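Before any comments, here is the structure.
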Amino acid sequence: MHDPVYEEAHRGHTIKIYHDPDAESPREWSNLGTLICWHRRYRLGDSHSFDSPEAFLRDLSGISAQSDLSMDQLRDRAERKSVLLPVFLYDHSGLAMNTIGFHCPWDSGQVGYVYVTLEAVRKEFGVKRVTKALREKAEDILRGEIVSYDAYLGGRVYGYVIEQDGEEIDACWGFLGHYELDCLSEARAFVDQMNLREAHWPAAAEQGASPAPS
């Protein structure tokens with residue numbers, strides 16, 4: 001195992017944070033959206049059979065190849081049937097992805113779309129009509145999925161190992177994003193709960209009770 005990216009002593013235990021070398025792509029999870037990308041060198045997003053963005057937008061909007069519509073018109077038609085966001089890739093000493101674009105025009109550009117059909121939104125939320133507020137909620141979910149995928153592409157996936165007296169007593173992997181937020185806080189919470197449970201064992205033993213199962 002590589003050296004930890006962070007290590008601390010916490011209430012009689014040692015918490016070590018590592019990069020997760022075997023992290024699963026968030027695109028393998030149950031996502032609301034579908035991420036469609038085109039790139040000459042990388043396989044990004046979800047698998048698809050569209051040979052071009054135009055073919056994808058025509059399929060999503062239900063417009064035949066014989067229709068003479070611009071890409072802007074096709075996107076407008078597609079947005080009538082879906083929640084659709086552009087996806088941009090930054091490729092320079094690593095990969096980054098977002099839905100708003102990057103400031104560097106040389107190493108970045110639109111690489112695809114993330115979308116969910118309105119029919120799928122209605123089914124997911126159990127409604128008959130997609131209101132403006134619900135569309136905005138769906139957009140926020142799609143953006144969150146790209147944030148997770150961006151962390152995966154950038155290698156910001158972590159796991160923790162908790163040791164006591166040099167012995168590993170717990171580990172958990174697959175935390176996306178900055179390790180200070182979820183990975184480290186969950187490791188600390190595990191130690192806190194374990195110490196609290198152990199603190200109650202002597203009192204339980206004095207009363208003739210068996211320690212609570214772990």
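Position 1 is the first residue of the sequence, and the numbers go up from there. Because the structure is a prediction, the values reported are computed rather than measured.
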Examine distances only and state if a side-chain atom of [X] and a backbone atom of [Y] form a donor-acceptor pair shorter than 3.5 Å.
X      : Y      : answer
Tyr149 : Gly45  : yes
Glu145 : Leu32  : yes
Asn195 : Arg11  : yes
Arg135 : Ser82  : yes
Ser185 : Leu181 : yes
His48  : Phe50  : yes
Glu186 : Cys183 : no
Asp20  : Gly159 : no

[X] and [Y]: same hydrophobic cluster, using ILVMFWY side-chain contacts below 4.5 Å?
X      : Y      : result
Leu184 : Val161 : no
Leu95  : Val147 : no
Leu35  : Ile141 : yes
Ile17  : Tyr152 : no
Val121 : Ile146 : yes

Under 4.5 Å between any side-chain heavy atoms of [X] and [Y], yes or no?
X      : Y      : answer
Gln164 : Thr14  : no
Leu74  : Arg58  : yes
Ile100 : Phe88  : no
Ile162 : Phe190 : yes
His19  : Arg156 : no
Trp173 : Tyr18  : yes
Val87  : Gln110 : no
Trp29  : Arg27  : no

Note to self: Checking Tyr160 against Asp170: is there a side-chain donor and acceptor pair closer than 3.5 Å?
What the structure shows: yes
Next item on the list: Say whether Asp182 and Tyr158, considering side chains only, have a donor N or O and an acceptor N or O under 3.5 Å apart.
Entry: no
**OP:** Walk me through it: do Leu60 and Tyr115 pass the test side chain to side chain contact (heavy atoms under 4.5 Å, CB included)?
**Re:** CA-CA 10 Å; Leu60 185 58; Tyr115 79 99; 3.7 Å; yes
Let me see the working for Glu7 and Ile15 under side chain to side chain contact (heavy atoms under 4.5 Å, CB included), right down to the final yes or no. CA-CA 6 Å; Glu7 180 176 339; Ile15 297 175; over 6 Å; no
Self-check item: Salt bridge present between Asp140 and Arg143 (N-O < 4.0 angstrom)
Solution: yes
Discussion item. Between Glu8 and Arg188 (salt bridge meaning N to carboxylate O under 4.0 Å), is one present in this structure?
Written reply: yes
In short, Cys37 meets Met97 closest at the heavy-atom pair SG-CE, 4.3 Å
In short, Ala138 meets Val83 closest at the heavy-atom pair CB-CG2, 4.1 Å
As a quick check of understanding, evaluate side chain to side chain contact (heavy atoms under 4.5 Å, CB included) for Glu119 and Thr117, giving each step before the final call. CA-CA 5 Å; Glu119 180 182 359; Thr117 65; 4.0 Å; yes
_Taking atom NE2 as the centre, does His39 end up with more than 12 heavy-atom neighbours from other residues, nucleotides or ligands that are less than 6.0 angstrom away?_
yes
Step by step, would you call Trp38 with Val111 a side chain to side chain contact (heavy atoms under 4.5 Å, CB included)?
-> CA-CA 6 Å; Trp38 296 266; Val111 73; 5.8 Å; no
Does the ring centre of Tyr113 sit less than 6.0 Å away from the ring centre of Phe56? yes
